[in-house]
Amino acid sequence: MNLMSEIGRMGKGYAPWLLFLTQILILLHFSACKVPAVIVFGDSSVDSGNNNFIPTIARSNFEPYGRDFFNGNPTGRFSNGRIPPDFVSEAFGIKEAVPAYLDPSYTISDFATGVCFASAGTGYDNATSNVADVIPLWKEVEYYKEYQKKLRAYLGEENANEILSEALYLVSIGTNDFLENYYALTERRCEFPIVEQYEDFLIGLAENFFREIYGLGARKISLTGLPPMGCLPLERAMNIMEFHNCVEEYNNLALEFNGKLGWLVSKLNNDLPGLQMIDANVYDIFLQIVKNPSGFGFEEAKTGCCGTGRFEMGFLCDPKFTCQDANKYVFWDAFHPSQKTSQIISNYLIEKHLAMFL
């Protein structure tokens with residue numbers, strides 16, 4: 001566990017000077033790092049456990065989830081272990097895992113160097129968060145505002161503002177808007193009968209979100225686009241007519257939407273002074289892993305480690321019917337990558353896109 005987190009935890013029950021020492025260490029860490037904190041918005045691809053503390057079925061705080069996490073702890077991450085923000089935070093020398101904001105076992109001393117507001121099942125579209133009663137993106141922003149107030153009270157206005165402006169903001173969201181909302185339900189398809197119309201609607205929502213967090217102080221932002229959605233085990237399992245191959249319609253949609261996100265990144269960088277926003281597209285590297293799993297040390301890319309690997313995720317992931325070695329699998333469950341895949345993708349993002357912030 002990170003030293004600052006440990007001292008912060010000790011401060012709960014010991015002398016006040018420990019709290020002071022924690023603050024000093026945070027400020028020393030800040031002065032030594034170009035990126036003093038990692039702040040996360042998004043969906044299950046980056047949620048470190050916020051859904052544990054809301055009334056929703058979109059949870060994973062039980063076995064076999066987390067079995068390869070530290071101490072085999074099912075934290076609420078939709079993985080057998082760590083997820084991309086954890087690896088990014090570690091690579092930047094901050095800490096090995098980014099805590100969930102709603103987790104009461106953490107305090108502002110833990111959150112000062114990294115915090116996650118993401119919620120599994122959410123999207124840019126508020127209607128997407130309603131599907132599984134999860135935290136909408138606007139609420140993630142409200143939690144971020146609350147966090148800012150706590151950070152300023154803890155470290156002082158000037159120090160807190162510097163951390164907020166120098167922090168790296170990781171944003172990964174959008175898959176649920178299409179697979180759990182647009183294609184699964186009828187409301188948005190009636191409103192936007194052509195999927196390109198819905199894409200443009202989401203781009204408008206995305207632009208509003210990024211302009212808002214910019215207005216709140218965010219300057220270093222990494223936006224992860226859509227993965228090759230048609231190659232998720234769940235989508236392949238349902239693609240019976242094409243012999244369980246990847247659903248090319250969904251992959252082409254992801255490529256098209258990612259192109260629009262890239263345009264948005266360029267637009268915002270031009271419009272907003274001081275913004276350093278990165279189009280951290282993972283589509284190509286993810287597709288390479290799926291198409292050539294052995295080249296990355298995997299044995300299976302069509303199914304996940306959990307159950308049959310075709311349909312199971314969340315509460316359907318029974319420990320008795322889960323593979324022994326998740327490192328052999330590209331996917332952990334029918335929707336989410338394994339820890340090993342997340343690490344490979346994170347390393348790629350750090351080398352190709354985020355190295356400029358190191």
Side-chain angles (χ1 to χ4, degrees), residues 42-46 58 78-79 84 120-125 127-128 131-132 172-203 206 224-262 281-296 298-314 316-317 329-338 341-342 344-345:
D43 57 23
S44 61
S45 60
V46 290
F78 279 79
S79 171
T122 201
Y124 288 112
D125 186 354
T128 301
V131 175
S172 179
I173 193 169
T175 303
N176 297 314
D177 287 309
F178 293 102
L179 298 185
E180 304 301 318
N181 185 359
Y182 187 83
Y183 284 110
L185 305 175
T186 60
E187 180 181 348
R188 286 306 192 203
R189 275 185 287 131
C190 290
E191 187 176 356
F192 303 101
I194 301 173
V195 69
E196 288 82 2
Q197 297 172 332
Y198 187 59
E199 293 174 27
D200 293 340
F201 170 69
L202 295 179
I203 291 296
T224 300
L226 302 183
M229 303 185 298
C231 293
L232 299 178
L234 179 63
E235 304 310 323
R236 295 181 75 154
M238 295 188 292
N239 193 20
I240 299 172
M241 299 303 293
E242 296 183 14
F243 307 102
H244 303 295
N245 288 318
C246 296
V247 182
E248 291 306 318
E249 177 187 356
Y250 291 168
N251 282 356
N252 291 335
L253 167 62
L255 283 170
E256 184 174 72
F257 187 68
N258 286 346
K260 293 181 179 181
L261 288 176
N281 194 327
V282 301
Y283 183 96
D284 289 340
I285 182 63
F286 209 145
L287 189 63
Q288 287 177 38
I289 296 171
V290 170
K291 295 293 187 181
N292 180 30
S294 62
F296 294 86
F298 297 103
E299 296 180 7
E300 176 57 50
K302 294 182 180 179
T303 62
C305 172
C306 158
T308 66
R310 295 183 181 275
F311 302 99
E312 298 88 350
M313 57 181 154
L316 295 179
C317 275
Y329 287 74
V330 173
F331 293 94
W332 164 247
D333 60 20
F335 211 83
H336 303 97
S338 65
T341 303
S342 290
I344 292 171
I345 291 174

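Just the heavy atoms: all of them, side chains too, but no hydrogens, waters or symmetry mates, feed the values below.
- Contact detail for Pro227 and Thr175: the closest heavy-atom pair is CD-OG1, 3.3 Å.
- Neither side chain, Asp125 nor Tyr182, offers a donor N or O lying under 3.5 Å from an acceptor on the other.
- A heavy-atom distance below 4.5 Å is found between the side chains of Phe311 and Met238.
- Between Tyr183 and Val195, some side-chain heavy-atom pair lies under the 4.5 Å cut-off.
- Checked by atom type and distance alone, the side chain of Asn281 never pairs as donor or acceptor with a backbone atom of Gly225 at under 3.5 Å.
- Heavy atoms only, all atoms of each residue included: Ala120 and Ala58 are closest at O-CB, 4.0 Å.
- Atom-to-atom distance recorded for Met229:CE and Leu232:CG is 8.0 Å, nearest 0.5 angstrom.
- Of all the heavy atoms in Cys246 and Lys291, the pair that sits closest is SG-NZ, 4.1 Å.
- The aromatic ring centroids of Phe78 and Phe335 lie 6.0 Å or more from each other.
- When the shell of 6.0 Å around NZ of Lys302 is examined, it contains 12 or fewer heavy atoms from other residues, nucleotides or ligands.
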Chi angles and distances behind the ring pair (Phe, Tyr, Trp, His ring centres under 6.0 Å) call for Phe296, Phe286: CA-CA 11 Å; Phe296 294 86; Phe286 209 145; over 10 Å; no
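- Going from atom CG of Asp200 over to atom CZ of Phe192 covers 9.5 Å, rounded to the nearest 0.5 Å.
- Interatomic distance, Leu253 CG to Tyr198 OH, rounded to the nearest 0.5 Å: 10.5 Å.
- Side-chain atoms of Asp333 do not come within 3.5 Å of backbone N or O of Gly304 as any donor-acceptor pair.
- The closest side-chain heavy-atom distance from Ile203 to Leu261 is below 4.5 Å.
- The backbone N or O of Tyr329 lies less than 3.5 Å from a partner atom in the side chain of Ser338, making a donor-acceptor pair.
- Remark: Cys231 SG to Glu248 CD distance equals 6.5 Å, nearest 0.5 Å.
- Judged by distance alone, with hydrogens and angles left aside, the side-chain atoms of Asn258 form a donor-acceptor pair with the main-chain N or O of Ala254 at under 3.5 Å.
- Here the side chains of Phe298 and Thr341 are in contact, with some heavy-atom distance below 4.5 Å.
- Considering all non-hydrogen atoms of both residues, Gly42 and Thr122 come closest at O-CG2, 3.2 Å.
- Taking the six-membered ring where the residue is Trp, the centroids of Tyr283 and Tyr250 are separated by 6.0 Å or more.
- Between Glu299 and Pro293 there is no side-chain heavy-atom pair separated by less than 4.5 Å.
- Not one N or O on the side chain of Glu191 forms a donor-acceptor pair closer than 3.5 Å with the backbone of Glu187.
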In sequence, state the C-alpha distance, the side-chain angles, and the governing distance for Phe178 and Glu199, and then conclude on side chain to side chain contact (heavy atoms under 4.5 Å, CB included). CA-CA 9 Å; Phe178 293 102; Glu199 293 174 27; 3.9 Å; yes
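- Atom NZ of Lys260 and atom CG of Leu226 lie 11.5 Å apart (nearest 0.5 Å).
- A distance of 9.0 Å separates CZ of Arg310 from CZ of Arg236, quoted to the nearest 0.5 Å.
- Nearest heavy-atom pair across Ala301 and Val330 is CB-CG2, 3.7 Å.
- Side-chain contact between Ile289 and Ile345 is present, with heavy atoms from C-beta onward closer than 4.5 Å.
- The closest donor-acceptor contact from the side chain of Asn239 to the backbone of Glu235 lies at 3.5 Å or more, if one exists at all.
- With hydrogens and angles disregarded, a donor-acceptor distance shorter than 3.5 Å links the side chain of Asp177 to the backbone of Tyr124.
- Closest heavy-atom contact between Asp43 and Gly121: CB-N, 4.4 Å.
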